[in-house]
Amino acid sequence: MKNRLVFLIAMLVLLFVNCKKEAPEKPKVIYDTASKSKEQPIIDTTQIEIADLPVQMQGTNYLIFPVGDLNIYGRGSKSYESTSNGNDLRLKISNYSENEITGYLRNFKFQEIGSDSIKSLTTKPILIQTATYLKSVSDKAKQQVLVYTLADMDTNKDGKLDSNDIKSLYVSEISGKRFNKLSADFQELIDWNLIESKSRLYFRTIEDTNKNGEFDKNDILHYHFVDLSSKEWKVYSYNPI
């Protein structure tokens, strides 16, 4: 009887441990609806859009307003303002360090100094994670350039844009004009690096060549660079291997 009780307890503990195991990570790419890959994610109309105070990159003539969603947290979270019902509002949606804005942002708005007009970076759904002003190249090439890492497609087909979707590389002028994608669709951005002496932006991507929905050692790396001193930001491939 005692042995049976011990066995029963052990089975209950094992069942509890298995239930506590995290669900397997969802793939970043789902191909069963590949024909609809360009469809826009569902826009959450319950979200409230807000903007942070503007940022002006050193030596530029534009204000940049980060735009994102108002975040509401439960009681006890670190917040900037409390509401009467006990929820907390996270009113700051971005962070700014020297020449870089970070966060999970839905857009940027741009305003030229001396103008009342405010223009959007894009009208398409995106999720910006970083925006970096390339000051050294901008001074040298006389082109003031912003580089973005962001999600622009709902690659895992869950109906929303978030950090679980493929990250892409974009570039624009400091005014938000010439907002162009540099990385290829369905290729995950690994990293990028600026070579000031050549005014070149180098970056690597990985392609899910075996179409298993994951990026792993069996997939292919792609190497690219863009000459930022050129009027046309054309992407070139190179092979260092």
Any side-chain to backbone donor/acceptor pair from D165 onto D154? Under 3.5 Å, distance only.
no

Would you find a donor on one side and an acceptor on the other, under 3.5 Å apart, between the side chain of K140 and the backbone of S197?
yes

Between Y238 and Y223 (judged by ring centroids, cut-off 6.0 Å), do the two rings come close enough to count as a pair?
yes

Is Y62 reachable from F179 through a run of hydrophobic residues whose side-chain heavy atoms are each under 4.5 Å from the next?
yes

Looking only at heavy atoms, what is the nearest atom pair of Y96 and N99, with distance?
OH-N, 3.6 Å

Rounded to the nearest 0.5 angstrom, the OG1-CD1 distance for T149 and I128 is 9.0 Å

Please name the residue in the list F203, F225, Y202 that meets the ring-ring contact (aromatic ring centres under 6.0 Å, His included) test with Y236.
F225

Which distance, rounded to the nearest 0.5 Å, do you find between the CZ of F110 and the CG of L121?
5.0 Å

Q144-T60 side chain donor-acceptor pair, cut-off 3.5 Å:
no

Go through it in stages, so that I can follow the logic: the residues are I64 and I174, the test is side chain to side chain contact (heavy atoms under 4.5 Å, CB included), and I'd like the CA-CA distance, side-chain angles, deciding distance and then a yes or no.
CA-CA 9 Å; I64 303 174; I174 193 64; 4.1 Å; yes

Is there a path from I166 to L182 through hydrophobic residues (I, L, V, M, F, W, Y) whose side chains come within less than 4.5 Å of each other?
no

What are the two closest non-hydrogen atoms of E173 and L146, and how far apart are they?
O-CD1, 4.1 Å

Hey, is the main chain of S183 close enough, under 3.5 Å, to the side chain of T205 for a donor-acceptor pair?
no

Hydrophobic clustering (ILVMFWY, side-chain heavy atoms < 4.5 Å, transitive) - are V235 and L221 grouped together?
no

Please give me the minimum heavy-atom distance between A151 and L161, naming the atom from each residue.
O-CD1, 3.9 Å

Least distance between heavy atoms, L194 atom then S136 atom:
CD2-OG, 3.8 Å

Test of understanding: clusters of I, L, V, M, F, W, Y form through side-chain heavy atoms closer than 4.5 Å, transitively. Do L105 and L169 belong to the same one?
no

Over 60° means perpendicular and under 30° means parallel, so classify the ring planes of H222 and H224, tilted if in between.
parallel

Less than 4.5 Å apart, any side-chain heavy atom of S168 and any of K181?
yes

Side chains of F65 and Q111 in contact at under 4.5 Å (non-hydrogen atoms)
yes

Would you compute the distance between atom CG of L150 and atom OG of S163 and round it to the nearest 0.5 angstrom?
13.0 Å

Are I126 and V171 connected into the same hydrophobic cluster when the rule is that any two of I, L, V, M, F, W, Y join if their side-chain heavy atoms are below 4.5 Å apart?
no

Closest heavy-atom pair, W233 versus Q143, reported as atoms and distance to 0.1 Å, is CZ2-OE1, 3.7 Å

Measure the spacing between CG of L228 and NZ of K198 and express it to the nearest 0.5 Å.
13.0 Å

For K177, I'd like to know if atom NZ has over 12 heavy atoms of other residues, nucleotides or ligands within 6.0 Å.
no

Using the side chain to side chain contact (heavy atoms under 4.5 Å, CB included) rule, take Y170 and V147 through it: C-alpha gap first, then chi angles, then the decisive distance, then the call.
CA-CA 6 Å; Y170 275 72; V147 175; over 6 Å; no

Determine whether a donor-acceptor pair (N or O, by modelled atom type, separation under 3.5 Å) exists between the side chain of T122 and the backbone of K124.
yes

Apply the test salt bridge (charged side-chain N to carboxylate O under 4.0 Å, His left out) to residues E214 and K28: give CA-CA distance (whole Å), side-chain angles for both, the deciding distance (0.1 Å), then the verdict.
CA-CA 6 Å; E214 300 288 350; K28 278 203 167 185; over 6 Å; no

So K234 and D227, salt bridge (charged side-chain N to carboxylate O under 4.0 Å, His left out) or not? Walk me through it.
CA-CA 7 Å; K234 184 178 178 181; D227 183 2; over 6 Å; no

Which atom pair, heavy atoms only, marks the closest approach of K109 to S120?
CE-OG, 2.9 Å

Quick one: does any side-chain atom of D219 pair with a main-chain N or O of D216 as donor and acceptor, under 3.5 Å?
yes

Reported OG1-to-CG distance for the pair T155 and D185, which is rounded to 0.5 angstrom
10.5 Å

Side chain of D152, backbone of L127: donor and acceptor closer than 3.5 Å?
no

Just by distance, no angles: are the side chains of Y104 and D69 close enough, under 3.5 Å, to form a donor-acceptor pair?
no

Are the side chains of N156 and V29 in contact, using a 4.5 Å heavy-atom criterion?
no

Under the 3.5 angstrom rule, does the side chain of E188 hit a backbone N or O of K167 as a donor-acceptor pair?
yes

Taking only Lys NZ, Arg NE, NH1 and NH2, and the carboxylate oxygens of Asp or Glu, determine whether D191 and R204 approach each other closer than 4.0 Å.
yes

For residues S172 and Y148, is any side-chain donor paired with an opposing acceptor at under 3.5 Å?
yes

Stepwise, does the side chain to side chain contact (heavy atoms under 4.5 Å, CB included) test hold for K135 with Q58?
CA-CA 8 Å; K135 185 179 185 305; Q58 184 182 356; 3.7 Å; yes

If you apply the rule side chain to side chain contact (heavy atoms under 4.5 Å, CB included), what do you find for F108 with I101, and how did you get there?
CA-CA 10 Å; F108 281 130; I101 301 171; 4.1 Å; yes

Indicate whether the side chain of T102 and that of T130 have a donor and an acceptor atom separated by less than 3.5 Å.
no

Ignoring hydrogens and geometry, is there a side-chain-to-backbone donor-acceptor pair from E100 to A131 under 3.5 Å?
no

Rounded to the nearest 0.5 angstrom, the CD-CD1 distance for E49 and I93 is 8.5 Å

